[in-house]
Each structure stands twice: as C-alpha cells, then as structure tokens.
Amino acid sequence: MLFNSLGFALFLPIVFVLYWLLSKQKLVYQNLLLLVASYFFYACWDWRFLFLLIFSTFLDYFTGLKMSETSSEVCKKRWFWLSVFINLGFLGVFKYYNFFAASFVDLFSSFGVKLHPWTIKVILPVGISFYTFHGLSYVIDIYKNRIKAEKNFVDYAVFVSFFPLLVAGPIERATHLLPQIKQKRIFKFEQAQDGIYQIIWGLFKKVVIADSCAQYVNEIFGHYESMNSLSLLMGALYFSFQIYGDFSGYSDIALGTAKLFGINLLRNFNFPYFSRDIAEFWRRWHISLSSWFKDYLYIPLGGSQGGQWMRIRNTFIIFLVSGFWHGANWTFIVWGGINAMLFMPLLISKTNRNNIDIVAKNRMLPSFKELGLMIFTFGSVMISWIFFRADDLSIAWHYLLRMLSFNFEGKVQYLNIDRYSVELLFLLLIFIGFEWISRRDEHPFHGRWVALKLVFILIGILTLGVYSDITSFIYFQF
C-alpha cells in the first residue's frame, strides 16, 4: 500500500478513528489495533512476505528474552550471534545473493572460466533492510546492556512493524520508540494538526516535485547517448530533486502519520541541500541510517579513537557499507566511495564538524561564502547521484563524461518531452524558497502565512499531481 494511493487515503482515517475510539480502553487494545493495521498494510503489498516479517519479529523478541534471562556470557553471546546471523542471512539471501553470484561469474569469466550458478528468482521483500535494522539495533542494545528485553510481544511487534515506518523508515531505536508504545497516548489536537500539515507537505514533495522530475529523469537517463551536456546536467539536477522529494516526502508522511496516533518518530531529513560541506550533508540526509551506522558500526570499529589511519579506514568502511546497504549493485558501492572521497579532506583537516548549526541562523540570506559553499556541496552531491541513478557503472561513467564534455550544440533536448517544463523549473524555485524560509522548522507550516502556503501546496497536489501516475517510492527497493 502506497502513501500516495487511494487505498491509503481510505485506510488511514479508518484506523485513526478506531484507534482513538479505543483510547478509553486498555492500552493493549490500541497497540493490538496498530499491529493488525500494520500487518494488513504490509500484506497489501505481498501477503507471502508477511510471514518473513513475523518470523523476524519472533526471532528477535525471543532472542532478547533469552539474553536477558541467562547469567552466562557464553550463552548470551550464542543467542546474540544466532539472531545476527539469521537476520543478516535473510537479508543476504534475498537482497545480495544474486549480486554475489553474478560478480563471481564475471570474475571467473575474466580468466576464461564459465560458471552457471543457481540464482534466486524472487522479488526483494519490501522494507526488509529497514525492519532488519530495527531488530538488529534491539538485540545489540540488549547484548550491550543498554536496555532490558521487552516482555510484551505486542508492544515489541508494534515497534518493529509500525506501519508509517515499516517499509522505508526512519530506522527507529527501541530506546526512543518503545517507551512511547508502552505509555498511554492522549489525543492532542495541535499534534494531530501538525501531523496533517506534515503529511500534506510530504505528499507535495512526492506527487508534485519528485514525480514531476521523474518524467524528465527517466527520459534523459534513458536516452543519455543522444543528449547534449546541458540536457544531461538538467537530468542530474532533476534526479537530485526527485530523490530528495521522494525520500524526504516519504519521511514527512511517515512522521506526520505517526503524530496522528500520538507518536513522534525520529527526524530523517534536515534540509540537506543547504549544507556547506559533505559532512554537514550527511548529518542532515537520512539521519536515522547515518546515526545507525555510527553507533553500531563506526564506534565498534574504533571510531575516531585510534589515530588518523583508523579514522580514515573506518570512514571508508561506513560509506562503502552504506552504499551496499542501498542496493546490490556496484553503482551504489562506487556512490558510497565517492562520498567517502569527498569526506576525506574534511576528516584529515579535522574540519568535518565546523558546520553544526543551520546556515544563516540569524539572517534571512546567506553570505556569499556560505552560498558558494552550498552550491559546491550540492554540485558534488549531484554528480554522485549520477552513479546512484544509473543502471550500471558503464552508463554512469559515460553519462558523466558526456555531461562534462561541454557540448552545448543544439537546443535543450529535454524540453521536447510532452510535459510542462518551464513550469517545473519555476515550481522548483518556489520549492527551494519554501525550504529556505522554513529551514529552522520541521516543515513550512509554522509561523506566518500558513493558510497561503497550504492553498499553494494543495493546488499543486490537485493539479500537477493529477497528471502524474501513482508511482512507488524509490527507497521501497532498498
């Protein structure tokens, strides 16, 4: 079930009404409703993989109890590694087996040896990377004695499968979400209103910004060999806004939906395209994933405590693993490597934490230096997105070479696409303006002119959105 579908528009108010009708009953009834609704939400995509989600939930719940009950460190470690191996095993089989099989075939083929490995012909279970990381963080925290095991299965199952975050995050922590699930929620009009505003803003990002840009992105990347440099540059620009509108739009809808049920999820985006360096960008983009890798991989590897070489090594590992987490393709690994290379000068010069506060914190406009740094950072990120979007490394490399060939002969070819073009560029400028003005808040519906902003957003959704097909979210494939 997609957030931007008619099915979800019917599903959400029904669950919302039933949920608050149960508010005067015991908390278990509200949580049980959320669990059933979440399983139904997931089953609407493919009911067969619902059993995989339930098995993963039982595994980590049972493992957590066993680790808490035992007084033997050896036994505790066995249960811990059992959960880790099974969770990563499922993820590896469904998401990465075919990639490794194909890579081995290519490797041996280069030596003249032909292999014919068995491959899995099954679609990737949606959300498996996200709910696997939910479970892993839970068992790791118990193993490290940071939290105690949750004894109530319904509460734990809601933590793993809460439908707003189930298929594309944010990646929650038990220390943040479980206490909210276990305490009585009281309906707050202001919180629900804020949630609705955030849902509308997320829908605008997805339906109007991301899906409109996607029309051009698909055309330009699909015919890059016949496009001139300017067209290819615009293709990279449009994809930068497509993936931002698509993923941050999903996160906004997720956070807004959770607020309707009295729950606050972790913030996943904080205006990353206004970053002044790549380190700041990664503190503001997919925040829950970046912090997950920092806490559960970077720090256990030694973090920044072992000298310059260890910091460099650990940073490369984080970025490469992050790239591989996004998909079983060499393009994602190279994308992670590019970001690691962009990060290195900041790490070596120890300036990676120079920009912590928002840009132009107490001013309306940035300085010329800040503007230059933001443009340079955005340009670097935009080039890296080419590898993220391309189907393989060869396409990404040739796309980049053609874009940088400075071939501006002929007209802007992407404008030939039978869709609005100048209107989209104008819309993107307004969108950037909204983002800039609201960069101190979570979404634009704070402060003055709320009604005017709301009218503009709704007009965009109801007009431009009507001409867009209902499309899945990009991060559903990860």
Side-chain angles (χ1 to χ4, degrees), residues 1 3 8 11-12 14-45 47 49-65 68 83 87 125-142 147-188 191-192 195 250-251 253-266 268 288 292:
M1 187 184 298
F3 282 166
F8 186 74
F11 167 83
L12 181 58
I14 293 174
V15 177
F16 174 79
V17 171
L18 293 175
Y19 177 84
W20 288 114
L21 285 176
L22 292 172
S23 62
K24 294 182 180 180
Q25 306 298 320
K26 291 183 179 180
L27 180 61
V28 64
Y29 294 117
Q30 277 188 316
N31 288 344
L32 190 58
L33 174 66
L34 287 181
L35 182 60
V36 172
S38 298
Y39 284 164
F40 174 80
F41 176 86
Y42 193 80
C44 286
W45 174 74
W47 63 270
F49 289 116
L50 178 60
F51 297 104
L52 183 62
L53 170 62
I54 295 174
F55 174 81
S56 178
T57 303
F58 266 109
L59 170 68
D60 295 329
Y61 169 76
F62 186 74
T63 300
L65 291 178
S68 292
S83 175
N87 273 302
V126 68
I128 188 172
S129 297
F130 290 91
Y131 67 71
T132 297
F133 271 33
H134 283 145
L136 283 175
S137 67
Y138 173 75
V139 296
I140 292 172
D141 285 347
I142 294 175
I147 61 172
K148 295 187 180 295
E150 175 55 52
K151 296 182 179 180
N152 187 310
F153 176 76
V154 172
D155 290 351
Y156 175 73
V158 173
F159 158 71
V160 174
S161 58
F162 185 39
F163 72 89
L165 56 77
L166 177 56
V167 293
I171 301 172
E172 275 287 346
R173 309 292 182 89
T175 52
H176 179 256
L177 183 54
L178 261 175
Q180 297 184 71
I181 293 172
K182 294 186 69 63
Q183 70 182 12
K184 187 74 173 177
R185 273 92 65 186
I186 301 173
F187 180 78
K188 299 176 183 177
Q191 185 182 32
Y250 177 96
S251 296
I253 299 171
L255 267 66
T257 301
K259 288 176 182 177
L260 295 180
F261 298 96
I263 293 174
N264 292 306
L265 300 180
L266 293 170
N268 220 13
S288 63
W292 198 99

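Keep in mind that what you see is a predicted model, and the values were worked out from it rather than measured. Starting from 1, each residue takes its place in the sequence as its number.
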Restricting to side-chain hydrogen bond (donor to acceptor under 3.5 Å, both in side chains), what partner residues turn up for T132, sequence neighbours left out? none
side-chain contact (heavy atoms from CB on, under 4.5 Å) between F49 and I128, worked out: CA-CA 10 Å; F49 289 116; I128 188 172; over 6 Å; no
Check: T175/D141 side-chain N/O donor and acceptor closer than 3.5 Å: no
State the CG-CZ distance between L165 and F130, to the nearest 0.5 angstrom. 10.0 Å
So, the side chain of W292 versus the backbone of I171: is there a donor-acceptor pair under 3.5 Å, distance only? no
Determine, step by step, whether Y19 and R185 satisfy the side-chain hydrogen bond (donor to acceptor under 3.5 Å, both in side chains) criterion, reporting the C-alpha distance in whole Å, the side-chain angles of both residues, the deciding distance to 0.1 Å, and the verdict. CA-CA 10 Å; Y19 177 84; R185 273 92 65 186; 2.8 Å; yes
Test: side chain to side chain donor-acceptor pair (under 3.5 Å). Region: residues 149-163. Which pairs qualify, not counting sequence neighbours? N31-D155, E150-K182, D155-K182
Taking the side chain from H134 and the backbone from E172, do they hold a donor-acceptor pair closer than 3.5 Å? yes
Is it true that, when you exclude Y29 itself, more than 12 heavy atoms of the residues, nucleotides or ligands shown sit nearer than 6.0 Å to its OH? no
Determine, using ring centers only, whether F163 and Y42 are less than 6.0 Å apart. no
Main chain of A254, side chain of K259: is a donor-acceptor contact present, judged purely on distance under 3.5 Å? no
L260 backbone acceptor or donor facing W20 side chain under 3.5 Å: yes
Over 60° means perpendicular and under 30° means parallel, so classify the ring planes of F16 and F187, tilted if in between. perpendicular
May I ask you to decide if S251's main-chain N or O and N268's side chain share a donor-acceptor pair within less than 3.5 Å? no
Does the side-chain contact (heavy atoms from CB on, under 4.5 Å) test come out yes or no for L266 and L255, once each step is laid out? CA-CA 8 Å; L266 293 170; L255 267 66; over 6 Å; no
Check the surroundings of atom CZ in F62: do more than 12 heavy atoms from other residues, nucleotides or ligands lie under 6.0 Å from it? no
Mind checking whether F51 and W47 have parallel, tilted or perpendicular rings, split at 30° and 60°? perpendicular
